[in-house]
Amino acid sequence: MSDLSIAIQHTPYRAERRKWAQAMIEHLRSENRSENPSIPLAVIRDTRREGCWPTYRRTLEAAGQASHHLVLQDDLRLCKDFIRSVKEVIRARPENVIALYTNTRAVLTARDRGESWVERSGAAGPAVIWPTDLIAEFLQWQDRHIDRNFPWDDVRVSMWLMKTSKRAFATVPSLIQHLGCGFSTLGLNGPSKVAAWYIGDDRSALEIDWSQGLSSPVKDSTHIHPEWWEHFQE
């Protein structure tokens, strides 16, 4: 059994997302050929136009039996040696939710300190590693506390992390770049929706020392708009 599974959250009715998703799939399949055992890869398509949250939920539910599950959106570029790099990240922090992307300026502070982590109060972002045993807990929690029609999947995750006092982290640098900063399915577009520091397409994160900053990482908050909290119930 593999210790990792991967699922891509895909919006197939947009041409640019089909192109990006296909490039990601080819990248992952190419790297997966050298894995033993091979890593399960699922593409979860929003064929009924249900929206982000229902599709994200199905993407989480595709985790299977692996110890960790990586959820990717369909508008990303991946670094070199991506799969093996993800496994190294997991070895460093096996018990935590980890974002492989962030656009926060705290990344630059961590970089100046020679550290490889930012601790965040939430986990917004298009590439998140989940310890599989936390997925059911999150889904049950959000069923009890968050309006079923609330559309933002990563805000749900951040609410759960904040309310349950769980620690979440982001890698420094980001291992993916966000290509869809002008093509959000929810209209959340903007030039800031890119990684504060992306390692680069042709660089491998296997060279990074993930032990740097483990004990006392730079801390950063995740902003949740007050009107979004109106969809939360104790």
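FYI, the numbering just counts along the sequence from 1.
- In the hydrophobic cluster analysis, where Ile, Leu, Val, Met, Phe, Trp and Tyr join through side-chain heavy atoms closer than 4.5 angstrom, M24 is grouped apart from I44.
- Remark: aromatic rings of W228 and W152 are close, center separation under 6.0 Å.
- Follow the hydrophobic side-chain contacts under 4.5 Å out from L214 and you reach I98 in the same cluster.
- Residues L70 and V128 have side chains not in contact (no heavy-atom distance under 4.5 Å, counting atoms from C-beta outward).
- At least one donor-acceptor pair under 3.5 Å links the side chain of S34 to the backbone N or O of E31.
- Nearest heavy atom pair, residue S5 against residue A63, reads OG-O, 2.9 Å.
- Rounding to the nearest 0.5 angstrom, the gap separating the CD1 atom in I8 from the CG atom in D74 is 8.0 Å.
- The ring pair (Phe, Tyr, Trp, His ring centres under 6.0 Å) search around W210 returns W117, not counting sequence neighbours.
- With a 6.0 Å radius and a threshold of 12 heavy atoms from other residues, nucleotides or ligands, K166 has its NZ atom above the threshold.
- Geometrically, R120 does not engage F169 in a cation-pi contact, judged by NZ or CZ lying under 6.0 Å from the ring centre and within 45° of the ring axis.
- Here NE2 of H68 is found 5.0 Å from CD1 of I90. Values are rounded to the nearest 0.5 Å.
- L175 and Y198 fall within the same hydrophobic cluster, defined by Ile, Leu, Val, Met, Phe, Trp and Tyr side-chain heavy atoms under 4.5 Å apart, directly or through other members.
- Outside the 6.0 Å centre-distance limit, the rings of W141 and F138 are not counted as a close aromatic pair.
- Dense packing is recorded around CG of D112, with more than 12 heavy atoms of other residues, nucleotides or ligands lying under 6.0 Å away.
- Atom NE2 of residue H178 and atom CZ of residue R77 lie 11.5 Å apart, to the nearest 0.5 angstrom.
- A salt bridge does not link E35 to R29: none of the charged nitrogens lies less than 4.0 Å from a carboxylate oxygen.
- No more than 12 heavy atoms of other residues, nucleotides or ligands lie within 6.0 Å of CD in E95, so this atom counts as exposed by the packing criterion.
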